[in-house]
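Not measured: the values here are computed from a predicted model. Just so it is clear, the values below take in all heavy atoms, side chains as well, and ignore hydrogens, waters and symmetry mates. Atoms within a ligand are numbered from 1 in the order they appear, just like the ligands themselves.
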Amino acid sequence: MCRTALVTGGTRGIGAGIARTLKSVGYRVAVSYQNGVETAEKFQKATEIPVFSWDVSDYGSCEKGVEEVHTVLGGDIDILINNAGVTKDCMFHKMTAEAWHVVISTNLNSIFNMCKMVVPAMRRKKYGRIVNISSVNGLRGQVGQTNYSAAKAGILGFTKALALESASKGITVNAVAPGYISTDMTDAIPSDIRESIRAGIPSGRFGTVDEVAAAVLYLIGDGAAFLTGTVLSVNGGQYM
Ligand code: NDP
């Protein structure tokens, strides 16, 4: 059976890697993004994966966006990859309330919003796969990231609680915690800091989006039906 997967923030970076991998093995895939129209159009043209724009931090926007996905693809979303995220790094004593709220709502409230859109149908059909993208910095904390670390740690509690509620309904809910992966997000880190981060990674390099996608692919497969509420680290040995 051809399952339908939705990847949020799937037009570039890790999300794009996940979307391409899922499509390559036969899943029907849709991706969302927020503002990057040009990137989204290029992605759609290159992959023939349909793209949809909405703000995952806004509940009403998620309702409209998912409705549009249903209309275009037809049928329910069987697999949800909650990947969209942002950083607004700043030492806590200088952090504005805005930087806190944007990061919490984009990285954490979005998970609530998007799961609300798909879980009722998954429960009815007694099948579903949800993978939430957390971060190594949600597991261990990071300087300049009280907002991001809090959001990414919050995802882990959410994942475990929803996994408990959903296990008897054939729905698995897991998290992937990437370490440092080469994307626009990490390209924005000043090069001297990037180099000191790289030096602290036992594998001696940043990871690739395909390496994160491989973990997601495993978690959504039939072979992982008994695996729920877990956190899979993809971090080159940086934190364990
Ligand atoms: P990128 O910055 O490369 O891409 C982010 C994607 O999310 C884009 O498609 C962007 O859309 C979308 N997005 C951002 N905000 C919203 C929003 N409010 N509504 C809808 N879409 C939104 O990020 P990465 O690929 O690096 O990261 C992907 C995920 O992995 C994030 O959750 C991140 O926190 C996490 N992660 C990343 C790591 C890394 O090293 N890169 C490490 C650990 C975790 P648009 O193009 O329109 O802006």
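Near Asn35, the atoms of ligand 1 lying under 4.0 angstrom from a non-hydrogen atom of the residue are 45 (P), 47 (O). Atoms of ligand 1 found under 4.0 Å from any heavy atom of Asp55, numbered from 1 in the order shown, are 17 (C), 18 (N), 19 (N). Within ligand 1, counting atoms from 1 as listed, the ones closer than 4.0 Å to a heavy atom of Gly85 are 5 (C), 7 (O), 14 (C), 31 (C), 32 (O). Heavy-atom proximity to Ala84, at under 4.0 Å, picks out these atoms of ligand 1: 7 (O), 13 (N), 21 (N), 22 (C), 32 (O). Each of the atoms 14 (C), 15 (N) of ligand 1 lies under 4.0 Å from some heavy atom of Val86. Listed by atom number, the atoms of ligand 1 under 4.0 Å from Gly13 heavy atoms are 3 (O), 25 (O). Near Thr186, with a cut-off below 4.0 Å to any heavy atom, the atoms of ligand 1 are 39 (C), 40 (O), 41 (N).
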Stepwise side chain to side chain donor-acceptor pair (under 3.5 Å) check, Tyr218 with Asn174
CA-CA 11 Å; Tyr218 167 63; Asn174 291 291; over 6 Å; no
Does the side chain to side chain donor-acceptor pair (under 3.5 Å) test come out yes or no for Arg20 and Thr47, once each step is laid out?
CA-CA 7 Å; Arg20 280 193 302 265; Thr47 61; over 6 Å; no
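The protein non-hydrogen atom at the shortest distance from atom 23 (O) of ligand 1 is Met185 CE, 3.8 Å. For atom 7 (O) of ligand 1, the nearest non-hydrogen atom of the protein is Gly9 CA, 3.4 Å. Counting only heavy atoms of the protein, atom 11 (O) of ligand 1 lies nearest to Gln34 N, 3.4 Å. For atom 20 (C) of ligand 1, the closest non-hydrogen atom on the protein side is Trp54 O, 3.1 Å. Nearest non-hydrogen protein atom to atom 30 (O) of ligand 1 is Ile133 CG2, 3.4 Å. Scanning the protein heavy atoms around atom 43 (C) of ligand 1, the nearest turns out to be Pro178 O, 3.3 Å. Given atom 26 (O) of ligand 1, the protein heavy atom at minimum distance is Thr183 OG1, 2.5 Å. Summary of contacts: the protein heavy atom closest to atom 1 (P) of ligand 1 is Arg12 NH1, 3.6 Å.
When the options Asn235, Asn83, Ile14 are ranked by their closest heavy atom to atom 29 (C) of ligand 1, first place goes to Asn83. Comparing Tyr180, Tyr148, Phe206 against atom 36 (N) of ligand 1, the shortest heavy-atom distance belongs to Tyr148. Comparing heavy-atom distances from atom 42 (C) of ligand 1 across Gly65, Gly179, Ser135 singles out Gly179 as nearest. Counting only non-hydrogen atoms, the option in Ile111, Val234, Ile181 that gets closest to atom 39 (C) of ligand 1 is Ile181.
Taking each heavy atom of Gly9 and Asn83 in turn, the nearest pair found is O-ND2, 2.9 Å. Across Met117 and Glu63, no two heavy atoms sit closer than the pair CE-CG, 3.4 Å. Leu156 approaches Ala175 most closely through the heavy-atom pair CD2-CB, 3.8 Å. Residue Ser110 comes nearest to Ser57 through the heavy atom pair CB-N, 4.4 Å, listed as atom of the first residue, atom of the second, then distance. For the pair Lys88 and Met95, the tightest heavy-atom approach, listed with the atom from each and the gap, is O-CE, 4.3 Å. What you find for Ile49 and Ala19 is that their closest heavy atoms are CD1-O, 3.7 Å.
In this structure the side chain of Asn147 never reaches within 4.5 angstrom of the side chain of Phe92, judged on heavy atoms. Contact annotation: the side chain of Leu108 never approaches that of Lys152 to less than 4.5 Å [non-hydrogen atoms, C-beta and beyond]. In this structure the side chain of Ile189 reaches within 4.5 angstrom of the side chain of Tyr180, judged on heavy atoms.
Ligand 1 is never approached by Thr39 to a heavy-atom distance shorter than 4.0 Å. Residue contacts with ligand 1 leave out Thr8, since none of its heavy atoms falls under 4.0 Å from the ligand. Ligand 1 does not have Ser182 within reach: every non-hydrogen atom of the residue lies 4.0 Å or more from it.
Both tests hold for Arg3 against Tyr127: distance to the six-membered ring centre under 6.0 Å, angle to the ring axis within 45°.
Contact annotation: for Ser110 versus ligand 1, there are no heavy atoms closer than 4.0 Å.
Crowding of Glu67 atom CD: a count of heavy atoms from other residues, nucleotides or ligands under 6.0 Å not exceeding 12.
Listed for the Thr183 side chain is a donor-acceptor partner under 3.5 Å among the backbone atoms of Met185.
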